[in-house]
2 protein chains.
Amino acid sequence: MDVKTLCLGVLSMGERSGYEIKKTVEESFHHFFRAGYGSIYPALAELERAGHVAGREVAQEGRPAKRVYGITGAGRDLLHRALAGEEPRHVVRSEFLVLTYFAHLLPAERLATVLDTMIVRFRDGLAADLEHYARTNDQLTPGQRFALGYGRTVVAAALDYLERHRETLLDEVAVTDETGRPQAGGPLAAAGD
Amino acid sequence: MDVKTLCLGVLSMGERSGYEIKKTVEESFHHFFRAGYGSIYPALAELERAGHVAGREVAQEGRPAKRVYGITGAGRDLLHRALAGEEPRHVVRSEFLVLTYFAHLLPAERLATVLDTMIVRFRDGLAADLEHYARTNDQLTPGQRFALGYGRTVVAAALDYLERHRETLLDEVAVTDETGRPQAGGPLAAAGD
DNA sequence: GTGAACATGTAACGGGTTACATGATTGC
DNA sequence: GCAATCATGTAACCCGTTACATGTTCAC
């Protein structure tokens, strides 16, 4: 799925400018999709050229003017077809977990920092999420509630895991050598007797 | 983090061919990283040119010959530095969740198929995971156990969520119109009174 | 002999990221 | 004045994906 399809999807919920599309994506799709201006604006331009969206200039008071786009009939058709043909992929890319995988190659202090960074990130994200959910819950479609609930559930599980295993990992890595295995004569080796 | 660093990391655990690196990544990193031959082989070639790995031809009986690579001292240095400088990013990209987000734009049958596909995928993945974990558990480093446990935990939570909300989503979408909101006069509208 | 697994590579393509460039408006 | 937010865009670059190309060995 490319950013063009995503823009079409967001615009199917109502008119928006490129800037506002990014805001929507950050608020509602952050668990499973991201898009920067460098991909949104070109996508919008291409979509308009093809007649899938229509843009118009809107003056604002107290703010710079913006260009809001609305989805056209042809755009809706394209969106339906794109969604129908989309494979349900689900890919995670986490340098964080690669880092923990190679925990024994990291300075102990740095490992702790990495873990704490993620715990804080998940904690804050979850709080913002619950706040957003409470605020919009009654006007969400079933699909939106489902997707948001999925994200919330998974992040909560991840956070719980991190909080419950942080200490253990730090302690265990402290008594391993540079191969990652328990040091001969160390506490872990003794425990294994 | 690029595939080069990943290859270095895998090779820090022992000599391997490109083919075997891919196997390792699929077995042990599948929850949070993927790499295809199209990126592994060029990465290995570049790494060797720079002296970070050393390859040698190994004849096998009953199989084609392979070229196995070992990490060099310079390679280990580079790996340590790369890991030290790596930001703990964690990104999910899921067309699956985008699809559920726009559930009301999908044919009901297709939505059910998408949901079931993911349930089966997670179920099978979890089973393979537990099997792999049981088989290798005693020889894993703390970091490896941590990362694998994270993946297992999160997939289990996701699977549980899907199983518990599949029916609800299907039922709710069935009684909404093309805007995703409850149909006037439908069961949901009545329930809201 | 045919499909599956083993094994290695190349080249084009596509798409997103990053950096750059610019400017309005508000509030401190 | 200056930082922050709002607002829009371009262009180079990176890098991974996909498709293509080839060959071995085994088991059925």
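Letters A, B, ... mirror the listed sequences (proteins, then strands); counts begin at 1. Keep in mind it's a predicted model, so treat the numbers as computed, not measured.
- Ring centers of F146(B) and Y161(A): under 6.0 Å apart, within the cut-off.
- Side-chain contact check for T5(B) and D2(B): at least one donor-acceptor pair (N or O, by modelled atom type) lies under 3.5 Å.
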Requested in this report: Check the pair F102(A), E86(B) against side chain to side chain contact (heavy atoms under 4.5 Å, CB included), reporting the backbone distance first and the verdict last.
Outcome: CA-CA 12 Å; F102(A) 294 115; E86(B) 192 71 44; over 6 Å; no
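- Among residues two or more places apart in sequence or in another chain, the salt bridge (Lys or Arg N to Asp or Glu O under 4.0 Å) test is passed with E57(A) by R67(A).
- Applying the ring-ring contact (aromatic ring centres under 6.0 Å, His included) test to pairs two or more places apart or on separate chains, those with a residue in residues 33-68 of chain A are Y19(A)-Y37(A), Y37(A)-Y41(A).
- Every residue was checked against the salt bridge (Lys or Arg N to Asp or Glu O under 4.0 Å) condition with D77(A), not counting sequence neighbours, and none meets it.
- Taken residue by residue, residues 81-100 of chain A places no heavy atom nearer than 4.0 Å to DNA chain C.
- Direction of the helix axis in the helix from dG1(C)-dC28(D) to dC28(C)-dG1(D) shifts by 30° between the two five-pair termini, rounded to 10°.
- A heavy atom closer than 4.0 Å to some atom of DNA chain C occurs in Q60(B), R63(B), these being the qualifying members of residues 43-63 of chain B.
- Remark: R152(B) pairs with no residue by the salt bridge (Lys or Arg N to Asp or Glu O under 4.0 Å) rule, at least two apart or across chains.
- Residue Y41(A) has a polar side-chain atom (N or O) positioned under 4.0 Å from OP1 or OP2 of dT8(D).
- Here the side chain of R16(A) pairs no donor or acceptor atom with the backbone of K23(A) at under 3.5 angstrom.
- Counting heavy-atom neighbours within 6.0 Å of E131(A) CD, excluding the residue itself, gives a total above 12.
- Within a 6.0 Å sphere centred on CZ of R34(B), other residues, nucleotides and ligands contribute 12 heavy atoms or fewer.
- The stretch residues 6-17 of chain B touches DNA chain C through S17(B), each having a heavy atom within less than 4.0 Å of the strand.
- For residues 115-144 of chain B, the pairs satisfying ring-ring contact (aromatic ring centres under 6.0 Å, His included) are H90(A)-F122(B), with sequence neighbours left out.
- Here ring-ring contact (aromatic ring centres under 6.0 Å, His included) pairs that include residues 61-82 of chain B, with residues two or more places apart or in two chains, number zero.
- Rounded to an integer number of Å, the gap from K4(B) NZ to dG16(D) C1' is 14 Å.
- A search for salt bridge (Lys or Arg N to Asp or Glu O under 4.0 Å) contacts involving E167(A) returns nothing, not counting sequence neighbours.
- Residue contacts shown for K23(A) are limited to sugar-phosphate atoms, with no base heavy atom under 4.0 Å away.
- No contact: F33(B) has no heavy atom under 4.0 Å from any strand.
- What separates NZ of K66(B) from P of dT25(D) is a distance of 15 Å, to the nearest Å.
- From the 5' end on, the contacts that DNA chain C makes with chain A at under 4.0 Å to a non-hydrogen atom open and close at dG16(C) to dT26(C).
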